[in-house]
Structure formats: C-alpha cells, structure tokens
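In what follows, a single structure is set out as structure tokens and then discussed.
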Amino acid sequence: MSVNEADVRGNFIQDIIDEDLASGKNAGRVHTRFPPEPNGWLHIGHAFAINLDYGLAVANGGKFNLRFDDTNPLKEDQEFVDSIMADVAWLGADWEDRLFFASDYFQEKYDFAVGLIKKGLAYIEDLSADEMRQYRGTLTEPGRNSPYRDRSVAENLDLFERMKNGEFADGTRVLRAKIDMASPNITLRDPALYRIRHAHHHRTGDKWCIYPMYDYSHPIGDYLENITHSLCSLEYVDHRPLYDWVIENIDHTPTLPGRPRQTEFGRLGLTYTLMSKRKLRRLVEEGHVAGWDDPRMPTISGLRRRGYTPSSIRTFCEKSGVARKNMVMDLALLEYCIREELNASAHRTMAVLKPLKIVLENYPEGQVEWLEIENNPENPEAGSRKVPFSRTVYIEHEDFMENPPKKFHRLVLGGEVRLKGAYIIKCEQVIKDEVTGEVIELRCTYDTESKSGGPASGRKVKGTSHWVSAEHAVPAQVRLYDTLFTQENPEQAPEGEDFISLINLNALVVEDAMVEASLAEAKPGDRFQFMRQGYFFVDPVDAKEGQLAFNRIVGLKDSWSKGLKS
RNA sequence: AGGGGAUUGGUCUAAUGGUAGGACAACUGACUCUGACUCAGUUUGUAGAGGUUCGAAUCCUUUAUCCCCUGCCA
C-alpha cells in the first residue's frame, strides 16, 4: 500500500509555498482562490486548476475561495454562475462560506482608482479605442504618450466621477494607469483600468456604468480576500508586473500580514479533444453535439453525464504534472484513472449489445435456473446475485465466428465455450437468413455436468462468453462513446480545413441491447461493468421508469481486437 | 526594438554537480469461468554544438524549435 513517491512529491508551486512558510511570509497562512468568469462552461482544464488551487490550500492547512470574475456585464450571466458552482462543488472543492464576486468590491475598486488618480498614477483617456491602438505601438516599436496623459489631477477626478455618474457614452473615455508607453512589455503601456458600459449587470443591476478591467480588478480582489498565492495560467506571466503595480500603488492598510503573489502554471490539455471555449461553443451551436453536457464533451458537465466520477478526475489531475509549460495529457491516463476506480467498485453485470439467439436443444423447455454469480471478483464483500438461465439465451454476435482467425477463443461450429456462471455449451448447428446469409441463430447443446460451482465444473474450455436469458432479459438503450475527434490534436487540421472536419462521426453509436434482469433495478447515476464491454453509467436524464439508458464511460482494455486490426 | 515563458522516451513527471527513475501508453509472456484484473518481462529519452569539471539533464556560451503578448476580453 505504498504511495508512489512521485505522487506525493510536491510540485514547483508547493516548493514556493514551502519557502514562504519557512520564511514566515504571510504569517504562515496559505489562501488560494479559483476565479472563473461566469461566461461559459467549465472543462477538464479548469478541473485541473480547481484541483490545484483547492488541493494546495488543503495540503497546507489553508483556505480556498470561489470568486467569480464578473467585471464584464456584456458577457456574463447568472446561468453560468449556477453551473460553475455546481461543477466546482461536484469536483469536491469546498469554498465553505467564501463565495465571492469581483462585483462585491466595485466600490472599493472605485475608491482605489480615485486614490491612484490623486497620486498622479492614472488618467482619463479621451482617445478612441482605435486611436489608442495607434498610440500603443507594436511588438517591436514603442508606443507614444497620449495627448491626454498629462491632464491635471483635478480634471481627472472630475472626469472619472462624471464617468461613474453616467455622463458619457460607452467607449468615449477610459481610465488608464500611467506607467510606461515605451515598455517592451505591452501590458505596461498605460493599460486601461476602467471602461464605460451602460449595461445591466447580473448582480449589481444598473448601479454601475463603469466596470474595472481584469488586470486592475483581480489583484484588488486577491488583496481584499487576503489571498496569499494567486495561481493562474501562463499567459498572465506578462501581466505579473501590472498585478504587482496595482498592489503596490493602491492605498491599502492590510488587515492581515502579507500580500498576494501571482504564480503561473501551464494549462492542462487532453488528446483527442479541445479546450478552446470558442470552439466548444461552435460544436454546440452547430449541433455537432447535443449540448454542453453531451458525454462526448470535455466539459465537467459532459464528463459527469458520461459517468466519470469526481474522484477519478481528481486522481487524473494529481497524476498530471504541474509545470511552467502547457501540457497535453494522454486521454489514456484519464481512462486508466476511471477504470482503476471502477474495477474496484463497480458490480459486474451481463449485457449483450448485439444479441445472437441460441437455443439449447437438450435444455428442458420451460425450465429456469437461478444461478448465483459474484458481483465483483475484486471485492468478495460485494456479494452475489441470482441470474436466470433458460433454454433460449442471447450471446454477443461477435462471440461466434464461422471462419475464426487463429487464437479465437469463443464459439465456432462444433466448438465449446463456457457461458459465464452457467454451463459449457457446444455449437451444433448454424442457422442463417436465407436471403442475406447472415447468422441469425445457433442450435447448441449444453454439458449437464458443467454447471458453475458444481462438482464437475472443473473442465476447462478456452473461452467464456457473457449471455442473457431471452425470456428474462430487459431491453436497454446503450450509447457507446468514442473520442470526439479522429485525430490526437484536432487543432492541427489539414490545409484548408478546420477542426470540424476532424470530428469523429462514430463518437456516438447507439445499440439496442438486451441486459440481464437485475439491471431493471438500476437507478439513474448507477455505474456497472458490463462484462467484457466496459463501464457503464445509467444516464440521469434519459433513463426513465421502464426505459433503461446506459452511457459507456470507458471500454475495458481489449488486447484481442486490438491485435486483430494490426 | 521587441518582451516573456519553455524544451528529459509516444505522453506526463523525477533526478537541484555523483547509478537518468516512475506513471500512463506500446509490445512479449504467464494466469484467467471477463482476451478484464493481476503478475513477470521488453522497447523507447536529457533539442543541437561548444565549454567548465575527476564527473553535467543540472553550471557557462551559442544555435534551434515551440508557446504567449500589439482588447475599452479574461
């Protein structure tokens, strides 16, 4: 039971925290936050960030806040606040009583901005957005100072107040920090701090018509919440000097020792899918998937609907690294994590996806035996269940072959196979459709001495098949999911095409299956292993009374069919 | 006249001047009343070139490649 050393060893952020703790910084506090913008759905890349923020807080005896970054009323909505809260909670990150919004501090942010103006560190810009772009320079050329840069403090104060009072139209003016128009770091070329938006905000209503920009709002939120370690993704590295500038220049009187520090880490990506909010939206809007919670989507809601557990996602995030570079994790690792968990916990059941009828000619008509089958060989405490056996059963169509390749372990004409937990049967006759030639039924006999668990059950045959009793089986819809895209990196579409052309049209295959009788009791949200098929989840939306719907979370590893393809 | 990040097998990650190790993937084989699980084994790596050193993934020089930055988005 030893945990792998690599798993418990810290990452570079934990190293920073260790140093801070050792040096007595922040009086030994560790306080993180997850700051989503409520303008879309969370995906597994966000799960990674949440797990990092929350995990680091917990591991260091600290606290974790959930704070919505709602500074842009044009894009944000309560609907997203609700779905994000549900996702974060589902993942197991507990913000306790610390749910905040950037908009909670609009007044403080305004007051701090007035302070900056008074210090001559901010000014009102009259240039249009276009003109500002001209003045900003380029990546290789410095910018020029705005003609409005040297307005008096009094004028700036007056203008800012009138901006707040709604005297000016959207886009006519903006408050800018006075830093350095020649900085090689474009972020520091007098960044905008406030813009005018006569828009209804989902929380503050019409109280404000000026809204702070992220770069100004975020450090203040961190500061007011006494955040110690403000973790964000790599693209904010260039913004760190501005983050520090804001913290250093606002007029604050810290309530707790220390100040927030921004640390950046690489985002997590996944093979065979995308994380781009814009592209995921296209998939939904163009109808390539059924919605944001489509089980093919890499969204948290999609993974949840697919049947992934929060713990498997956490394990996956923990097994992924933390580094100062963006990473693309192998989908296989995520699948490994859910298989590992469900192998230990999921009850085994039998479901036949493509039924092939078998009549056991020497089995008495009308006889039914209730056979005892263990629920989970990995866990004896999971007990057993009774499964009905009768003269007519279904097996998986692909478990019979007329012209089998070498090493085929299942039924062939004249061959034998064990029906899991039941008897060994022998195929005596193949019945085909007269028109199509397709195999539609097998006539078999069973070995009366071979009953599972019986005194003479020790005889070995090379294969075991899962089955259901025709008379007792329950019909169920089974959705077999595969990767959303056909290519590992859907961002790399061929010349002249885009990622839409790489969508895997077989990512969803629906089968009308026959499942064992015990599954009639399955409840929405239950997870099972369908023996030899994979792990399945009772769809919480589509499964209704008397109407079973299962989502394949992940298939079992299959070294047999894999070998056939090559 | 640009600035900022980064580069260890297919993927992710350890090794902080002293045996390049782990996980996943892949491949063999054993086992198997799940071709699962489990077990045993195998393949694959320090981006290149110089240098310092008894010794370099690690330090120095240099080259290459990839990512981010010119929103009144976050």
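Just so we're on the same page: letters track the sequence lines, and every chain starts at 1. These numbers come from a predicted model, not from an experiment.
For RNA chain B, the neighbouring residues in residues 342-350 of chain A, judged by any heavy atom under 4.0 Å, are A:Asn343, A:Arg348. Less than 4.0 Å separates RNA chain B from no heavy atom of any residue of residues 172-179 of chain A.
B:C59 and B:U52: their C1' atoms are spaced 8 Å apart (whole Å). Only the C1' atoms considered, B:U58 is 15 Å distant from B:G51, to the nearest whole Å.
Salt-bridge check for A:Glu235 with A:Arg267: passed, with a basic side-chain N closer than 4.0 Å to an acidic carboxylate O. Here A:Asp104 does not pair with A:Arg67 in a salt bridge; the nearest charged N to carboxylate O distance is not below 4.0 Å.
Proximity of A:Lys319 to the phosphate of B:A25: no side-chain N or O atom is located under 4.0 Å from OP1 or OP2. Side-chain nitrogen and oxygen atoms of A:Thr71 include at least one within less than 4.0 Å of the OP1 or OP2 phosphate oxygen of B:A74. Residue A:Arg197 places at least one side-chain N or O under 4.0 Å from the OP1 or OP2 atom of B:C73. Checking the phosphate oxygens (OP1, OP2) of B:G71, a side-chain nitrogen or oxygen of A:Arg136 falls inside 4.0 Å. Side-chain N/O atoms of A:Tyr336 include one lying less than 4.0 angstrom from OP1 or OP2 on B:C24. In this structure, A:Arg133 reaches the B:G71 phosphate: one of its side-chain N or O atoms is under 4.0 Å from OP1 or OP2.
Nearest-nucleotide positions on RNA chain B for A:Glu125 and A:Val322 put A:Val322 closer to the 5' end.
When ring centroids are compared, A:Tyr243 and A:His239 stay outside the 6.0 Å threshold.
A:Val412 pairs by the side chain to side chain contact (heavy atoms under 4.5 Å, CB included) definition with A:Pro404, A:Phe408, not counting sequence neighbours.
In a base pair of the Watson-Crick type (N1 to N3 plus N6-O4 or O6-N4) or a G-U wobble (N1-O2 and O6-N3), with each distance short of 3.5 Å, B:G45 is matched with no nucleotide.
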